[in-house]
Amino acid sequence: MVRLLQMIVCLLMLRGASDLWSQGPTEFLFAARRSGIAEVVDAVTLDTVARVHFGFQVERLSASADGSRLEVAGYAAGAPCCKHYTLDLATLKLEEEVPSSESSGYGACLVSPDGGWCFRLKSFRGPALRVVDLREPEAARVLIPPDLPEENSEGNWSATGVWSGARFYLYVQRPNDPGLLWTVLPGAQVLGTGTEVAPFSEALGCRARLPVSKSLVAAAGNIFLYEPFGSKSDRAGTCGMALPGGAWMLDTDTGRLTKQVAALFHFNSLIPDPYGSTLYGVALGKADWNGPVQVVRLDGRDGTVLQTRTFEPGVLQIAIGLLAKVPAGDVSARPQ
């Protein structure tokens with residue numbers, strides 16, 4: 001009987017080990033400064049597990065949908081910004097890419113969760129949304145927000161948007177204007193009247209009544225609206241870091257802001273994980289990046305702060321993806 005029990009225990013242990021190996025790709029953050037060193041960060045503990053040296057200043061980065069590559073923009077010391085590269089995370093091969101010369105004025109392709117639709121945004125004068133059915137790419141449509149007040153000396157309209165499930169949320173705003181929101185289904189032929197978004201982040205004594213720019217992010221079926229800090233034109237330069245921080249949950253039907261979350265953090269960016277359940281933010285400690293920078297992990301369901309980690313002062317960019325193979329220790333990207 002004792003021997004039989006030992007055999008059962010051994011089988012269970014072996015099965016448990018097999019399950020661990022078969023879990024598949026693991027989720028990681030990629031955090032990079034202009035120093036040119038990117039850190040591979042455990043998405044739960046926020047501990048660094050590896051470092052990748054690029055040999056140039058990293059200005060921006062993003063992860064591919066499957067987490068196999070990083071799209072990197074950077075430049076050598078004294079050179080203008082930016083050259084564009086693709087880093088294969090399995091081989092660490094770095095390949096320079098030539099950006100498209102397309103001059104349509106539309107931004108990057110925002111692909112729907114089911115992979116069937118590509119939405120592109122156009123800002124500045126005449127914001128618009130270009131809708132492409134990836135199964136019939138020649139049948140593109142352009143949706144134009146109707147009845148926008150004319151642009152004036154206070155600034156031009158800008159457009160941002162996010163997918164949440166089968167719906168796309170288009171947000172158009174300008175300085176000192178709370179903006180308008182549209183809920184767009186892929187088959188829409190025209191845009192109706194936009195929903196007015198409530199003012200937020202007002203601060204007495206601040207020269208700008210409302211933030212110069214605002215961004216949307218989606219997680220766990222919620223839409224969050226926040227003011228990005230850290231640019232040369234943001235309000236921190238004139239109003240200080242006493243400005244309201246955090247993000248606001250947005251009721252997409254009414255435009256009301258229902259809850260402020262992570263109010264102590266002044267985010268430069270917020271990004272969702274591949275599953276759309278968690279948010280990760282880069283938060284400034286002081287204006288103009290003059291202080292420690294924090295990475296913050298938030299529960300997408302209610303905005304609860306789950307984990308934080310403080311990095312050394314300096315501009316920090318983050319991306320997120322799933323890795324089947326993780327670099328170990330300090331490694332260097334290998335140019336082609």
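Only this structure's heavy atoms are used, side chains among them; waters, hydrogens and symmetry mates stay out.
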Distance (rounded to the nearest 0.5 Å) between [X] [atom1] and [Y] [atom2]:
X	Y	atom1	atom2	result
Leu134	Ser112	CG	OG	7.0 Å
Leu306	Leu46	CG	CG	9.5 Å
Ile223	Thr258	CD1	OG1	11.5 Å
Arg60	Arg34	CZ	CZ	10.0 Å
Asn222	Met249	CG	CE	4.0 Å
Lys214	Asp177	NZ	CG	6.5 Å

Keeping [X] on the side-chain end and [Y] on the backbone end, is there a donor-acceptor pair under 3.5 Å?
X	Y	answer
Glu227	His266	no
Trp157	Val172	no
Trp117	Val131	no
Arg120	Gly107	yes
Thr278	Asp273	no
Thr195	Thr254	no
Asn268	Phe229	yes

Could you check if a side-chain atom of [X] sits within less than 4.5 angstrom of a side-chain atom of [Y], using non-hydrogen atoms only?
X	Y	value
Glu96	Lys83	yes
Tyr169	Leu250	no
Phe224	Leu298	no
Phe267	Val296	yes
Arg51	Glu39	yes
Thr308	Phe265	yes
Gln294	Arg309	no
Gln173	Ser158	yes

What are the two closest heavy atoms between [X] and [Y], and how far apart are they?
X	Y	value
Gln307	Thr45	NE2-O, 3.4 Å
Leu87	Ala333	CD1-CB, 3.8 Å
Leu322	Pro274	CG-CG, 4.2 Å
Ala128	Val142	CB-CG1, 4.0 Å
Arg33	Leu316	CG-CD1, 3.7 Å
Pro80	Tyr75	O-CB, 3.4 Å

Report task. Evaluate side-chain contact (heavy atoms from CB on, under 4.5 Å) for Tyr275 paired with Glu27, printing each intermediate quantity in order. Result -> CA-CA 10 Å; Tyr275 305 107; Glu27 186 176 287; 3.2 Å; yes

Could you see if [X] belongs to whatever hydrophobic cluster contains [Y]? Use Ile, Leu, Val, Met, Phe, Trp, Tyr and a side-chain cutoff under 4.5 Å.
X	Y	value
Val49	Leu92	yes
Ile318	Ile37	no
Val217	Leu121	no
Tyr226	Leu216	no
Leu89	Val326	yes

[X] [atom1]: over 12 foreign heavy atoms closer than 6.0 Å:
X	atom1	result
Asp47	CG	yes
Lys259	NZ	yes
Arg301	CZ	no

Requested in this report: Report the C-alpha separation of Trp182 and Leu129 in whole Å, then their side-chain angles, then the decisive distance to 0.1 Å, and conclude whether the side-chain contact (heavy atoms from CB on, under 4.5 Å) test is met.
Outcome: CA-CA 11 Å; Trp182 285 265; Leu129 176 64; over 6 Å; no

Query raised in the report: Which is it for Gln57 and Ser35 under the side chain to side chain donor-acceptor pair (under 3.5 Å) test, yes or no, and what are the steps along the way?
Result: CA-CA 5 Å; Gln57 298 182 68; Ser35 64; over 6 Å; no

Query - side-chain contact (heavy atoms from CB on, under 4.5 Å) between Leu180 and Glu196, worked out - result: CA-CA 5 Å; Leu180 299 165; Glu196 293 186 6; 3.6 Å; yes

Requested in this report: Compute whether any side-chain donor of one residue and acceptor of the other, for Arg334 and Thr91, lie under 3.5 angstrom apart.
Outcome: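 Result is no, nothing qualifies.
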
Requested in this report: I would like to know whether Thr86 and Glu71 meet side-chain contact (heavy atoms from CB on, under 4.5 Å); could you show each step before the answer?
Outcome: CA-CA 5 Å; Thr86 298; Glu71 307 295 332; 3.2 Å; yes

**Report entry** Criterion ring-ring contact (aromatic ring centres under 6.0 Å, His included) on Phe54 and Tyr85, from CA distance to verdict
**Finding:** CA-CA 10 Å; Phe54 283 98; Tyr85 304 87; 8.1 Å; no

